Amino acid sequence: MPKILLITFGPSEAAVASGFVAKLGGDVTVLALAATGPSAYNVLDAGFSEIPPSDTISTGVADIARDYDYVAAVSSLAAKDLLARLAGHLDWPLVNDVTAISGTKEFQHPVAAGAAVETVRVAGDGVILTFRPAAFPGSPAGGVGTTEAISLAVSSGSRRTEAAAKSGTRPDLAQAKVIVSGGRPLQTADKFEQIIGGLADALGGAVGATRAAVDSGIASNELQVGQTGKIVAPDLYIAAGISGSTQHLAGIKDSKVIVAINKDPGAPIFEVADFGLVADLFEAVPELTAQIRQRAVAQ
Amino acid sequence: MKILVPIKRVFDPYAKVTVAADGLSLEALGAKFEINPFDEIAMEAAVQIREATGSVEIIAVSIGGSEGEEQLRKALAMGADSAILVETNDPLDSRVVAAELEALVRELSPDIVLMGKLATDGEGNQTGPRLAARLGWPQATLLSSLSIVGGVAKVRRETDLGEEAVELNLPAVLTTDLRLNEPRYIALPGIIKARSKPLERRARATSIQPHSVTVGYASAPTRPAGQRVNSVSELVAGLNARGAI
Ligand SMILES: Cc1cc2nc3c(=O)[nH]c(=O)nc-3n(C[C@H](O)[C@H](O)[C@H](O)COP(=O)(O)OP(=O)(O)OC[C@H]3O[C@@H](n4cnc5c(N)ncnc54)[C@H](O)[C@@H]3O)c2cc1C
Ligand SMILES: Nc1ncnc2c1ncn2[C@@H]1O[C@H](COP(=O)(O)O)[C@@H](O)[C@H]1O
């Protein structure tokens, strides 16, 4: 039976990884970098309250990973940063953003901003993978495994002088069931917050943005959705005033239902939308918010 | 100070990329090739460090076929002092690229390797940290700001939660994200000057083989066409019928 080391960076990752590890097939051990609750799998708990920079823990992680056939993590910026360095230490192949497994050494992942899917065949003793959990649905594994506290060696490297802090109370883009995103035409941070944030709050959802919105300073960096932002997979994605560039679409294609509100009937976003409304967002979005709120009251 | 900037030649990122008939390669009909946008940002960042700190030597390097000269000339026009083309038609993966870059780093001893976080075509998303591990150097990926103060790189980088600030001693490997800068427009004098700057072609330094190969490409799955709705009420009714709200 192959041995899988699942590296987790947050408390819910072991549960969302269950579909992927079941598909991969093997004996799962979780290396929990951040504090985590009980899991169906056996856990090596490094228990950092703040995960140190990748370059300071990568040799310690490599010493553990060496004994496994697969090292895997849910795709995130943090995971890619650490696992790519791990790939260098171990000299193992790494495939990022895996969306399908077509053999013990064959994996698929999107390339060229989602224009195509590449099948990669890897060779070597071990394989490193980051994967998109939305592509591997599955219910969390049952049972409770053991937890062993470990102390992971931290060596010198880069020094964090200011940590990133999550702002606000809205759900994380990566986990949100509903996302409302806005683009460049929102014009100001206030309007963005009022119109896009207003609908998101009515739906209990998260807020996303295009790069154009982020670059023009009306939405903050961590809200960017797309090839170079977050890859999201909500049940409902509402795009308001978003043209639908390939780079943006690369981040939203796994959404179950996509709604587009755009005043240009020829906007490419309509080609991927399940529901398309040609309208001025400054009228349509507040009206939608009002109708959603009314429904909530009626129920 | 010396900065090495690895440059990959990719399709114009705004071109429509499709899978070739044989399913073994990607094509973008009529599209130009460009410097990978993240590498262009790395070049710009290197030039800005020189403008801020004075004497900095910038060497651009690309690994691949002879056509990569086009992108290296552009890097020279942007401000690189010299360029190296490691000319090869061998299949490349990030293992091979990182090994070749490592050999160049050991030969040239740069203080910084400043590169892209990812190549927009293959989206390997790994060469920088791979190289850093091979060298045993510190790394900071996904930079949104960068300054060099007394042998220390002070950076801000994108994380899943927002931005963090990090400091690294040099030498180090740094990778760029989109917000680091806006690459400058290249004026004609720069292009003319670039023609006389040194561009060295050389063979590979290692015989390392790739450990990941492309079996083939498929077109991305398309979403079935949706429906147009004429009003917000119709939209709400549709979403309701789909169980989406
Ligand atoms: C390497 C690279 C990576 C990139 N990565 C990303 C990424 O991760 N994410 C991303 O989003 N982009 C990314 N981009 C940028 C991308 O190419 C587009 O430029 C960007 O997505 C456009 O954002 P937008 O839709 O907000 O703006 P625009 O393209 O300006 O579109 C605005 C849309 O709003 C409509 N509109 C205007 N006014 C109204 C109104 N009152 N009501 C309704 N509709 C209105 C217009 O018809 C238009 O369709 C990347 C680009 C590159 C080169
Ligand atoms: N063939 C190459 N020649 C030079 N640099 C490269 C090459 N391939 C990748 N790189 C560098 O590695 C970065 C990340 O690429 P990748 O890991 O393939 O997504 C790119 O932005 C380049 O800086």
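Values below: every heavy atom of this structure, side chains too, minus hydrogens, waters and symmetry copies. Order of the sequence lines sets the chain letters (A, B, ...), proteins ahead of strands, with each chain counted from 1. Values in this document were obtained by computation on a predicted structure and should not be read as measured data.
With a 4.5 angstrom heavy-atom cutoff, B:N230 touches chain A only via backbone atoms. For A:S220, no part sits under 4.5 Å from any heavy atom of chain B, backbone or side chain. Interface remark: B:V17 contributes backbone and side-chain atoms alike to the contact with chain A (heavy atom separation under 4.5 Å). Contact annotation for A:A78: both backbone and side-chain heavy atoms come within less than 4.5 Å of a heavy atom of chain B. Residue contact with chain B, scored on non-hydrogen atoms closer than 4.5 Å, is absent for A:D235. Looking at A:L288, the atoms closer than 4.5 Å to chain B (heavy atoms on both sides) sit in the backbone and in the side chain alike. No part of A:E283 comes within reach of chain B, as not one of its non-hydrogen atoms sits under 4.5 angstrom from that chain. Interface residue B:I245: backbone and side-chain heavy atoms are both found under 4.5 Å from chain A. With a 4.5 angstrom heavy-atom cutoff, B:S231 touches chain A only via backbone atoms. Neither the backbone nor the side chain of B:A98 comes within less than 4.5 Å of any heavy atom in chain A. For a residue to count as touching a neighbouring chain, one of its non-hydrogen atoms must lie under 4.5 Å from one of that chain's; by this rule B:L239 touches chain A with backbone and side chain alike. Only the side chain of A:S54 comes within contact range of chain B, with heavy atoms under 4.5 Å apart. Contact of A:L203 with chain B is made through the side chain alone, with heavy-atom distances under 4.5 Å. With a 4.5 angstrom heavy-atom cutoff, A:A165 touches chain B only via backbone atoms. In this structure, no portion of B:V173 lies under 4.5 Å from any heavy atom of chain A. There is no contact between A:L223 and chain B, counting heavy-atom distances below 4.5 Å. Looking at A:P53, neither its backbone nor its side chain comes within 4.5 Å of chain B, counting heavy atoms on both sides. Looking at A:K256, the atoms closer than 4.5 Å to chain B (heavy atoms on both sides) all sit in the backbone: N, CA, C or O. Proximity to chain B is absent for every atom of A:V285, based on heavy atoms less than 4.5 angstrom apart. Heavy-atom distances place the side chain of B:F38, and not its backbone, under 4.5 Å from chain A. Heavy atoms of A:E287 lying under 4.5 Å from chain B belong to its backbone as well as its side chain.
Interatomic distance, A:D172 CG to B:D160 CG, rounded to the nearest 0.5 Å: 8.5 Å. A distance of 7.5 Å separates NZ in A:K80 from NZ in B:K117, rounded to the nearest 0.5 Å.
Annotation: maximal heavy-atom pairing with chain B below 4.5 Å, among A:E271, A:R121, A:Q108, occurs at A:R121. Considering only heavy-atom pairs separated by less than 4.5 Å from chain A, the leading option among B:T222, B:V166, B:L168 is B:V166.
Two residues are said to be in side-chain contact when any heavy atoms from C-beta on lie closer than 4.5 Å; B:V232 and A:L277 meet this criterion. Proximity of B:E164 to A:E162: side-chain heavy atoms (C-beta onward) are nowhere separated by under 4.5 Å.
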**OP:** Evaluate side chain to side chain donor-acceptor pair (under 3.5 Å) for A:Q227 paired with B:E123, printing each intermediate quantity in order.
**Re:** CA-CA 10 Å; A:Q227 184 195 20; B:E123 299 199 36; 3.1 Å; yes
**OP:** Let me see the working for B:R223 and A:D274 under salt bridge (Lys or Arg N to Asp or Glu O under 4.0 Å), right down to the final yes or no.
**Re:** CA-CA 9 Å; B:R223 296 178 69 98; A:D274 299 274; 2.9 Å; yes
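Among A:V120, A:V127, A:V95, the single residue meeting the side-chain contact (heavy atoms from CB on, under 4.5 Å) criterion with B:S212 is A:V120.
A donor-acceptor contact closer than 3.5 angstrom links the side chains of A:E118 and B:T214.
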